[in-house]
There are 2 protein chains.
Amino acid sequence: MAREEEKIFEDYLAIKNLKQSEQRKEILQIFLNIDKHLTANELYRIVQKKYPKVGYATIYRTLRLLCESGLCRELKFEDGTARYEHLYGHQHHDHLICTKCGRFFEVVDSEIERLQEKLAKQHGFYPERHRMELYGVCRKCKK
Amino acid sequence: MAREEEKIFEDYLAIKNLKQSEQRKEILQIFLNIDKHLTANELYRIVQKKYPKVGYATIYRTLRLLCESGLCRELKFEDGTARYEHLYGHQHHDHLICTKCGRFFEVVDSEIERLQEKLAKQHGFYPERHRMELYGVCRKCKK
DNA sequence: CTATTGTTGATAGCGATTTTCAATATCATA
DNA sequence: TATGATATTGAAAATCGCTATCAACAATAG
């Protein structure tokens, strides 16, 4: 399970002459099994339950490696803290965020993407990337 | 000059039973006279030049009041630090940000706005607000 | 097996922001 | 304009999220 992601991470470590430590494998497993936009602290607490010896710094260090290997993306949201999302098998997307329950939904709208490009160019910008977050109340919370 | 904003701030303080301190007036003046997206630290340093006794905490406290009064908006950007922009007389807008020089440009595209609403609704969301930042290289930096 | 080199956990440090607190300023009212 | 209740201030300590340091330790090549 999650064989491909494991392979990607192993290969990345090999290329960089880094070692396959137990902690790295543990953190990867837990990261892969939780398909949410976790903060480093949330991940730390979950990892701690299974592997109490793991330190805070190792979580951050491993998250950085996961990002570098292309498995993970760091996102900064309005509360200021970073959240980490799965990148493998996920195309570019923006976020719909529920202001009640905090859930994240990945969305894409090719028409908006096109207009964003156009808007940038209209202002003489060479567009590189963008971020778009739509905040609102999700179906469940609205009831 | 900036009479209306002063009035708004005074009224806000009055309604909340807060006092018209010298520091608050000073900080408001300087904030109003600089039409840039400043960080708290940048504002602190500018205020310090004129009023060396002013403390850091007072800057943050006053910025919060300015936001609450509707004169100011706090924006969190990718680098994690907050920047403050004028809100009075500025309609809703998004940002074009140059990744070379760091300059900010305010933009609006009603078609994008419309599609954002539509996209949220398509996913069962009751839309409240959004943020959109387009990053790229501006005309000047491209040359 | 052993040497080399990378990794770890604990902790100190950092930058941004907030809180605490005693001294002080504001302002309604006497 | 003096007074007193209450809000405000500056300084410093505290907090938060994250990074750097470092001595002990683990992974891997030879």
Side-chain angles (χ1 to χ4, degrees), chain A residues 6 9-31 37-69 72-84, chain B residues 6 9-31 37-69 72-84:
Chain A
E6 280 169 28
F9 195 49
E10 278 170 27
D11 289 354
Y12 179 77
L13 294 177
I15 286 166
K16 290 277 184 173
N17 280 314
L18 302 176
K19 291 171 181 172
Q20 309 272 343
S21 74
E22 277 307 304
Q23 290 91 328
R24 286 179 182 159
K25 289 181 199 166
E26 294 160 5
I27 292 169
L28 173 63
Q29 285 311 316
I30 289 174
F31 173 74
H37 293 73
L38 295 178
T39 62
N41 178 52
E42 286 163 356
L43 180 60
Y44 171 70
R45 289 212 274 247
I46 295 166
V47 173
Q48 275 253 319
K49 282 183 197 161
K50 252 187 158 172
Y51 309 97
K53 285 170 302 182
V54 162
Y56 230 114
T58 302
I59 298 291
Y60 278 102
R61 289 188 281 233
T62 307
L63 279 170
R64 180 182 299 144
L65 292 175
L66 290 173
C67 289
E68 288 167 6
S69 74
C72 177
R73 181 160 71 125
E74 184 190 90
L75 299 166
K76 293 263 191 175
F77 287 99
E78 284 192 333
D79 60 0
T81 63
R83 290 182 175 272
Y84 298 85
Chain B
E6 281 168 26
F9 195 48
E10 279 170 26
D11 288 353
Y12 179 77
L13 294 177
I15 286 167
K16 290 276 185 177
N17 280 313
L18 302 176
K19 290 170 183 175
Q20 311 270 344
S21 74
E22 277 307 305
Q23 290 92 329
R24 286 179 182 159
K25 289 181 200 165
E26 294 160 4
I27 293 169
L28 173 64
Q29 285 311 315
I30 289 175
F31 173 75
H37 293 73
L38 295 179
T39 62
N41 178 52
E42 286 163 357
L43 181 60
Y44 171 71
R45 289 212 273 247
I46 295 165
V47 172
Q48 276 254 318
K49 281 183 198 161
K50 254 188 157 170
Y51 310 97
K53 285 172 302 182
V54 162
Y56 231 113
T58 301
I59 299 292
Y60 279 103
R61 288 189 281 232
T62 306
L63 278 170
R64 180 181 300 143
L65 293 174
L66 290 173
C67 289
E68 289 167 4
S69 74
C72 178
R73 182 159 70 128
E74 184 191 89
L75 299 166
K76 292 264 188 171
F77 288 99
E78 284 193 333
D79 60 1
T81 63
R83 288 181 176 274
Y84 298 85

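In what follows, chains carry the letters A, B, and so on, assigned in the order in which the sequence lines appear, proteins first and then strands, with residues in each chain numbered from 1.
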For B:Ile59 and C:dT19, give me the distance from atom CD1 to atom P, rounded to whole Å.
17 Å
Of the options D:dG10, D:dC18, C:dT7, whose atoms approach the side-chain atoms of A:Leu18 most closely?
C:dT7
Below 3.5 Å, does any donor atom in the side chain of A:Arg61 face an acceptor in the base of C:dG6, or the other way round?
no
Sorted by position of nearest nucleotide on DNA chain D, 5' first, the leading residue of B:Pro52 and B:Asn17 is B:Asn17
Mapping A:Leu13 and B:Tyr60 to their closest nucleotides on DNA chain C, which lands nearer the 5' end?
A:Leu13
Has A:Ser21 got a side-chain N or O lying under 4.0 Å from the OP1 or OP2 atom of C:dT8?
yes
Check for a donor-acceptor pair, side chain of A:Arg61 on one end and backbone N or O of A:Arg24 on the other, with a separation under 3.5 Å.
no
For A:Glu74 and A:Ala82, work out which heavy atoms get closest and say how close.
CG-CB, 3.7 Å
After noting the C-alpha distance and the side-chain angles of A:Thr62 and A:Gln23, does the key distance pass the side chain to side chain contact (heavy atoms under 4.5 Å, CB included) rule?
CA-CA 9 Å; A:Thr62 307; A:Gln23 290 91 328; 5.8 Å; no
Starting from P on D:dT8, measure out to OH on B:Tyr56 and report it in whole angstrom.
22 Å
Quickly work out the A:Arg45 CZ to D:dC16 P distance and round it to whole Å.
11 Å
Between CG of B:Leu63 and P of C:dT17 the distance, given in whole Å, is 9 Å
Could you check how far CG of B:Asn41 sits from P of C:dC14, rounded to whole Å?
16 Å
A:Gln23 side chain, from C-beta outward: closest of D:dT19, C:dT8, D:dG10:
C:dT8
Closest nucleotide among C:dT26, C:dA16, C:dA10 to the A:Ala57 side chain:
C:dA10
Gap between atoms CD and C1', on B:Glu22 and D:dT9 respectively (whole Å)
13 Å
base_contact_polar (D:dT6 base, B:Lys19 side chain, donor-acceptor, <3.5 Å)
yes
What is the distance, to the nearest angstrom, from the OH atom on A:Tyr44 to the C1' atom on C:dA10?
10 Å
A:Arg83 CZ to D:dC16 C1', straight-line distance once rounded to whole Å:
15 Å
Between A:Arg24 and C:dT8, is there a contact of a side-chain N or O with OP1 or OP2 at under 4.0 Å?
yes
Check step by step if side chain to side chain contact (heavy atoms under 4.5 Å, CB included) holds for B:Tyr51 and B:Ile30.
CA-CA 11 Å; B:Tyr51 310 97; B:Ile30 289 175; 4.1 Å; yes
Closer to the 5' end of DNA chain D via nearest nucleotide, is it A:Ala40 or B:Thr62?
B:Thr62
Mind checking side-chain contact (heavy atoms from CB on, under 4.5 Å) for B:Glu68 and listing every partner two or more places apart, or none if nothing turns up?
B:Tyr12, B:Arg64, B:Leu65
